[in-house]
Amino acid sequence: YCVDPADPSSAVWQYDTGAPIHSSPVVDILGRVYFGSDDGFLYCLNPDGSLLWSYDFGVPVDSSPSLDSYGFVYITVGHELFVFDEWVPDPRAPESSCDCPAKVTSPLIPVTWVSRDNKSGVKSVSLWYRYSSGGVWGSWTDSQLVGYAETGTFDFVPTAEGIYEFYTIAEDYAGNVEEAPASADCSCLYNTAYPESSCTSPEYDNAMPIPVHFTSNAVNGIFQTVLWYRYNGGAWTCSGQAKQAAEGTIYFGVNLGDGTYDFYSVAVDAIGNEEPRPTAGTEPDTTTIYDTIRPVSSCWLAVDGDYTPESTIPVQFRAHDGLSGLNQTVLYYRLGSGGAWIDSGLSSSESEGTFNFDTSATGEGKYEFTTVSEDNAGNVETVPGGPEATVIFDTVAPVSVASVSAQYTNSFPIVVSFTASDAGTGLVSVELWVSLDGGAFVNTGLSSTESWGTFNYMPATLTDGTFR
């Protein structure tokens, strides 16, 4: 029975199945009524009570049917569940989504879509996009690309380099249109020009951190520049140090010890495109030799003995540095024993050689010498406390006086007294020379190391004469 609540005294209409009805009816959104009967049929009546259709199960139908929002009719009969597709206007919009590669370098972005509709079916799927360059997003735009299947691929042609975000909107045959999602289904970076960068560093250094200056450029602007390094020709490693700038200095502080550090910069632009990272065969942008060990040197005199009358004193040297190499070796001197070391003004970049020290400005005396080397990394040899070479420079001859006690004698030997002195290097010896009757002076062969004393002169031929 169908009863109007406004007038429940009589039925609007009634339908007789010819057998008892134990099933409760259900009504769809169009007013159609579904119920089962013990006569073995499932009935569907129009809103006016006329029969629309019926289905014969052959056994009593005493369960009540159910409807879902898509227009399907569900009923259990015996041990089975039956589903009827009784089409009604589709109440739900279809669903869709899309996917695309994260990056492309060619001017075509493949966007794959999938969609579904549980009732009337998917009629079409349209692609929407928006574009960003440098972090500024445009508005969502219909790409005018439409698909007419539940799944497929759009060939989207980008108009400029940058980031593209996509979503899809599906429509079913009932006219239901999917709402735009709150966020994009996928995004893709289109860029044909990678950012570029380079860096420079000191050729030598003896202290961490090592300053590495970089410059970067990119069409889309620079997001950051990352520093990579390798140690003593090993594998390239990311330093973990970066700066969000197109130019600047990164202070490298990964101290693996003295050695050779190669550096390479990798730029990342504002839309996420990254300059290729270094591989095993990549040449470095710049190289720094890190050296903290002081060089060593030594010097010695290129003259015989401890004395010289020459105003130019040759000082030989040798120096060594095992890593960054020698920058220079400087000759230091001091006059007399002790005192402060004085830079001679003589230097050499060679590992060995001779300094010719000129004494004309400093005069005679005892000269002490040492050398101090500096390497290319700036390490300076420790100045030694004592001299490495010593020489006495003396150009003034000693003086001596010979005398006899009487001007005349009739016997030999003749006793000759002497005194001698030297204000510079000191006496080595005093020799007695003689002249007979105004002749040439000859060495008598008599000598002494003392500064005063006597010689007993005995001529080889005993003869009279004047001895001087």
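The first residue of the sequence shown is numbered 1, and numbering continues consecutively from there.
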Please report the shortest heavy-atom distance between [X] and [Y], naming the atom on each side.
X      : Y      : result
Ala267 : Ser197 : N-OG, 3.7 Å
Leu145 : Asp155 : CD1-O, 3.8 Å
Phe154 : Gly147 : CE2-N, 3.4 Å
Gly253 : Met208 : CA-SD, 4.3 Å
Leu127 : Ser143 : O-OG, 2.7 Å
Ala184 : Trp140 : CB-CH2, 3.8 Å

Does the plane of the ring in Phe72 sit parallel, tilted or perpendicular to the ring in Tyr74? Use 30° and 60° as the thresholds.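 Tilted.
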Note to self: Over 60° means perpendicular and under 30° means parallel, so tell me whether Phe263 and Phe252 are parallel, tilted or perpendicular.
What the structure shows: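 Correct class here is perpendicular.
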>> Checking Thr200 now: which residues fulfil side-chain contact (heavy atoms from CB on, under 4.5 Å) with it, not counting sequence neighbours?
In response: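 Here the qualifying residues are His213.
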Exercise. Would you sort out whether Ser216 and Thr225 count as a side-chain hydrogen bond (donor to acceptor under 3.5 Å, both in side chains), showing the intermediate values?
Key: CA-CA 7 Å; Ser216 308; Thr225 304; 2.7 Å; yes
- Ionic contact status for Glu381 with Arg294, cut-off 4.0 Å: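 Salt bridge between Arg294 and Glu381, a charged N being under 4.0 Å from a carboxylate O: no.
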*Residue pairs fulfilling salt bridge (Lys or Arg N to Asp or Glu O under 4.0 Å) with at least one residue in residues 237-257, sequence neighbours excluded*: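 Salt bridge (Lys or Arg N to Asp or Glu O under 4.0 Å) check on residues 237-257 returns no pairs.
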Worksheet item: Who are the side-chain hydrogen bond (donor to acceptor under 3.5 Å, both in side chains) partners of Ser97, not counting sequence neighbours?
Response: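 Scan of Ser97 (side-chain hydrogen bond (donor to acceptor under 3.5 Å, both in side chains), adjacent residues dropped) gives none.
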If you apply the rule side-chain hydrogen bond (donor to acceptor under 3.5 Å, both in side chains), what do you find for Ser198 with Asp285, and how did you get there? CA-CA 6 Å; Ser198 63; Asp285 288 336; 5.7 Å; no
Output the distance between atom [atom1] ([X]) and atom [atom2] ([Y]), rounded to the nearest 0.5 Å.
X      : Y      : atom1 : atom2 : result
Thr260 : Leu323 : OG1   : CG    : 6.0 Å
Arg318 : Cys299 : CZ    : SG    : 11.5 Å
Asp306 : Thr390 : CG    : OG1   : 8.0 Å
Phe393 : Leu335 : CZ    : CG    : 10.5 Å

Who pairs with [X] by ring pair (Phe, Tyr, Trp, His ring centres under 6.0 Å), at least two apart in sequence or on another chain?
X      : answer
Tyr333 : Phe357
Phe57  : Tyr55, Phe82
Phe214 : none

What I'd like to find out is whether the side chain of [X] reaches to under 4.5 Å of the side chain of [Y], using heavy atoms alone.
X      : Y      : value
Tyr43  : Ser37  : yes
Glu350 : Glu352 : no
Asn327 : Asp375 : no
Leu30  : Pro47  : no
Tyr367 : Thr362 : yes
Val254 : Tyr261 : no

Exercise for the section: Go through the steps for Glu364 and Thr359 under the test side-chain hydrogen bond (donor to acceptor under 3.5 Å, both in side chains), then give the verdict. Expected result: CA-CA 7 Å; Glu364 296 181 339; Thr359 63; over 6 Å; no
Do [X] side-chain atoms and [Y] backbone N/O form a donor-acceptor pair below 3.5 Å?
X      : Y      : result
Thr354 : Pro314 : no
Thr288 : Tyr290 : no
Ser126 : Ile169 : yes
Gln241 : Tyr251 : yes
Asn176 : Arg92  : yes
Ser311 : Ser360 : no
Asn46  : Asp48  : no
Ser239 : Leu227 : yes

Matching residue for Thr112 among Asp99, Thr168, Thr153 - test: side chain to side chain donor-acceptor pair (under 3.5 Å) |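 Result: among Asp99, Thr168, Thr153, Thr153 is the only option passing the side chain to side chain donor-acceptor pair (under 3.5 Å) with Thr112.
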query = Distance only, no hydrogens: is a donor on one side chain within 3.5 Å (strictly under) of an acceptor on the other, for Asp291 and Tyr204?
reply =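 No pair is found: no donor N or O on one side chain lies under 3.5 Å from an acceptor on the other.
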Legend entry - Under 3.5 Å side-chain donor-acceptor pair for Ser187 and Glu165: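 Not at all, the side chains of Ser187 and Glu165 share no donor-acceptor pair under 3.5 Å.
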**Asked** Run the side chain to side chain contact (heavy atoms under 4.5 Å, CB included) check on Thr105 and Tyr194 step by step: do they pass?
**Response** CA-CA 10 Å; Thr105 56; Tyr194 286 98; 3.9 Å; yes
Exercise for review: List the steps, then state whether side chain to side chain contact (heavy atoms under 4.5 Å, CB included) holds for Asn191 with Lys103.
Suggested key: CA-CA 8 Å; Asn191 196 357; Lys103 292 182 181 181; over 6 Å; no
